[in-house]
*Asks:* 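Handing you this structure, nothing more for now.
As the structure is a computational prediction, the values presented were derived from the model and not from experiment. For ligands, and for the atoms within them, numbers begin at 1 and follow the listed sequence.
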Amino acid sequence: MSISRKELIRYLDQRLSPERFRDYAPNGLQVEGAEQISRVVTGVTASQALLDEAVAWGADTVLVHHGYFWKGENPCITGMKQRRLKTLLQHDINLIGYHLPLDAHPEIGNNAMLAALLDIEVTDGLEAGNPLSIGVVGEFDEALSLNDLGTRIAKALGREPVLIKGGDHLIKTIGLCTGGAQDYIDKAIELGLDAYLSGEISERTVHSARENGVHYIAAGHHATERYGAKALGEELAREYGLEVRFVDIDNPV
Ligand SMILES: [Zn+2]
C-alpha cells in the first residue's frame with residue numbers, strides 16, 4: 001500500500017496539531033523526497049546511522065522525534081549536516097519530524113507512552129492549568145521504593161537509570177517529562193510530588209532533589225523518547241497499510 005506525501009502530512013498534522021505549539025524546530029515535512037510513500041523508518045533522531053538503515057531498507061520516508069533545523073543552529077549546510085542532507089536528497093527520502101507535539105500527545109506522545117510502560121496512571125499535566133503541558137503527573141497503584149522503581153525502569157527501558165535519593169519516603173506520586181527536561185523538577189517540587197523523572201540530569205539537579213526532598217530519576221533522553229515515534233509508525237501501518245519499521249540506534253544518553 002502507498003499514499004501520497006501530502007495525504008500523510010495531512011494525517012500527521014491532524015493527529016498531532018503542531019500549530020498549537022511554539023517549538024524549537026519546524027514540525028512536519030523537513031526535507032522533501034518521494035511523492036508516494038510506502039516504506040517508513042521511524043526513529044528517535046535523524047542521525048546518519050538511522051539514515052543509512054533507511055537507505056539499506058529502501059525506505060522512502062524517515063519519521064523522527066528529533067529532526068533538523070533547530071533554532072540557533074548554524075544554518076550552513078556543511079559537515080555532518082551536509083552529509084545527512086546529501087543522503088536524504090540522493091535517495092529521494094522524505095524527512096518528517098515532530099518534536100513537542102510528539103512529546104505532549106495524550107495517547108501516542110512520549111510522555112503518555114512512557115507512563116503506560118511504567119504503569120503510571122496519568123492524572124494531570126505537570127504544568128498545572130496549561131492544556132499544552134508537555135510533562136505529566138501520575139500515580140502508582142501502590143507506593144514503591146526508589147530502588148524498586150529503578151528496577152522497573154531498567155527492565156522496561158533496557159537501561160539502568162541514574163537514581164538520586166531525595167529522602168526516605170516511598171513513591172506514590174510522580175512527575176515525568178521525557179528528554180532533557182531535568183529543570184522541570186521545579187514543577188514537581190511546587191506540586192509536592194514524591195518523585196520526578198526525566199531523561200537527562202545536570203549537576204544542579206542532584207542538589208535540587210536532595211534539598212527539596214524529591215527523588216529524581218534520569219532514565220535517558222533517548223530511552224525515554226523512543227515510544228512516541230514508534231507508536232505513531234505502528235498507527236500508520238494500521239491506518240494505511242504502509243510498511244513501517246522502528247529502528248533503534250542505541251544511545252547511552
Ligand atoms: Zn528530545
*Asks:* Counting backbone and side-chain atoms alike, is an N, O or S atom of H99 positioned under 2.8 Å from the Zn ion (ligand 1)?
*Replies:* no
*Asks:* Between K81 and E73, does any NZ, NE, NH1 or NH2 come within less than 4.0 Å of an OD or OE carboxylate oxygen?
*Replies:* yes
*Asks:* Within 2.8 Å of the Zn ion (ligand 1), is there any N, O or S atom belonging to H66?
*Replies:* yes
*Asks:* So that I can tick it off, tell me whether E239 and R15 are bridged by a salt bridge, with the cut-off set at under 4.0 angstrom between side-chain N and carboxylate O.
*Replies:* no
*Asks:* How large, to 10°, is the angle at the Zn ion (ligand 1) when you draw lines to OE1 on E225 and to NE2 on H221?
*Replies:* 90°
*Asks:* Should the pair H66 and H99 be assigned to parallel (<30°), tilted (30 to 60°) or perpendicular (>60°) ring geometry?
*Replies:* tilted
*Asks:* For the pair E234 and K230, find out whether any cationic side-chain nitrogen is under 4.0 Å from an anionic carboxylate oxygen.
*Replies:* yes
